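Each remark here refers to the structure printed beneath this line.
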Amino acid sequence: MRYWLMKSEPGDVSIDDLAGFPNQTVDWYGVRNYQARNFMRDQMKVGDGVLFYHSNCAEPGIVGIAEVSRLAYPDRLQFVEGHKYYDPKATPENPRWFNVDVKLVRKTRLLSLKEMRETPELESLRILQRGNRLSITPVDPREWNFIMKLLEA
DNA sequence: GCCAACGTTGGC
DNA sequence: GCCAACGTTGGC
C-alpha cells in the first residue's frame, strides 16, 4: 500500500466534478510524462491512498482524499485522432500511455500550498521541492499520516 | 501574463 | 550521444 499526490487542474477536473461523477470515479487521463506514467503503470495498486490536489488555480492545495480503484490500463485518449491527447506513435497493440481510476473517499478542507510550505513536518514533500513539476508524486507514509491529522483539525 | 525549471525533440 | 531550441508546468 502506497500513497500518492495527484494534481488536477480544477478547470479540467475539480474535486466537485469528481464528487459528481458516476461512482465518484475518474479515469486519470492525459498524463503524458513518462515518470508519472510509470508510477501509475508500475507501482499503483487498488486501495493506494491519493491526495487530490488542485493545481494551476487561484488556491492551489490539497482538497480531498481519494483512492486508486482500478489498476492501470491504456489511456483511451491516445488513440483519438485530433484530440489534444492523441499520440500518433501509440497503437492499441502497443499503447504508450496508461491511467488508473481514482475514486473519491471524501472532500476535505483546503490544505493550501502556502500552509504546507509553512509546516516543517512537510518539508520533505516532493511537491514542495524546488522545480518539481511532476503531476504524480509518491507521498511518504509519515507525510500522509501527518496530513491526515492536519485535515482532521 | 511572466518566467523559472524542466522535459522533449531533432539536427548533427 | 550531445545540446540548442522549443514546449509545458504551475506558482505568483
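Sequence lines set the chain letters: A, B, ... in the order given, protein chains first and strands last, and positions in each chain run from 1. Nothing here was measured: the structure is a model prediction, and the numbers come from that model.
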Think A/Arg130 has a side-chain N or O under 4.0 angstrom from the OP1 or OP2 of B/dA4?
-> no
N/O (side chain, A/Lys7) to phosphate O (OP1/OP2, C/dT9) under 4.0 Å =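 The answer is no; no side-chain N or O of A/Lys7 sits under 4.0 Å from OP1 or OP2.
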Electrostatic pair A/Asp16:A/Lys107 at N-O distance under 4.0 angstrom = yes
Can you tell me if CD on A/Glu59 sees more than 12 non-hydrogen neighbours from other groups inside 6.0 Å?
-> no
CZ/A/Arg142: more than 12 non-hydrogen atoms of other groups inside 6.0 Å = no
Check the distance between [N]'s [atom2] and [X]'s [atom1] and give it to me in whole angstrom.
| X | N | atom1 | atom2 | answer |
| --- | --- | --- | --- | --- |
| A/Met116 | C/dG10 | CE | P | 13 Å |
| A/Gln129 | C/dG11 | CD | P | 15 Å |
| A/Lys84 | C/dT9 | NZ | P | 7 Å |
| A/Ile136 | B/dG7 | CD1 | C1' | 16 Å |
| A/Trp97 | B/dG7 | CH2 | P | 13 Å |
| A/Tyr85 | C/dT9 | OH | C1' | 12 Å |
| A/Arg133 | C/dT8 | CZ | P | 11 Å |
| A/Tyr53 | C/dT9 | OH | C1' | 11 Å |

Residue met sooner reading DNA chain B from 5', once A/Tyr34 and A/Asn56 are mapped to nucleotides | A/Asn56
Judged by nearest nucleotide, the residue sitting upstream toward the 5' end of DNA chain B, A/Lys89 or A/Asn132, is A/Asn132
Answer yes if the side chains of A/Tyr73 and A/Asp101 hold a donor-acceptor pair under 3.5 Å, and no otherwise.
-> yes
Is the A/Tyr3 ring parallel, tilted or perpendicular to the A/Trp144 ring (thresholds 30°, 60°)?
->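 Rings of A/Tyr3 and A/Trp144: parallel, as their planes differ by under 30°.
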Look at the side chain of A/Gln35 and decide which nucleotide, out of B/dA5, C/dG11, B/dG7, has an atom nearest to it.
-> B/dG7
Please tell me which of the listed nucleotides, B/dG7, C/dG11, B/dA5, lies nearest to the side chain of A/Asn33?
-> B/dG7
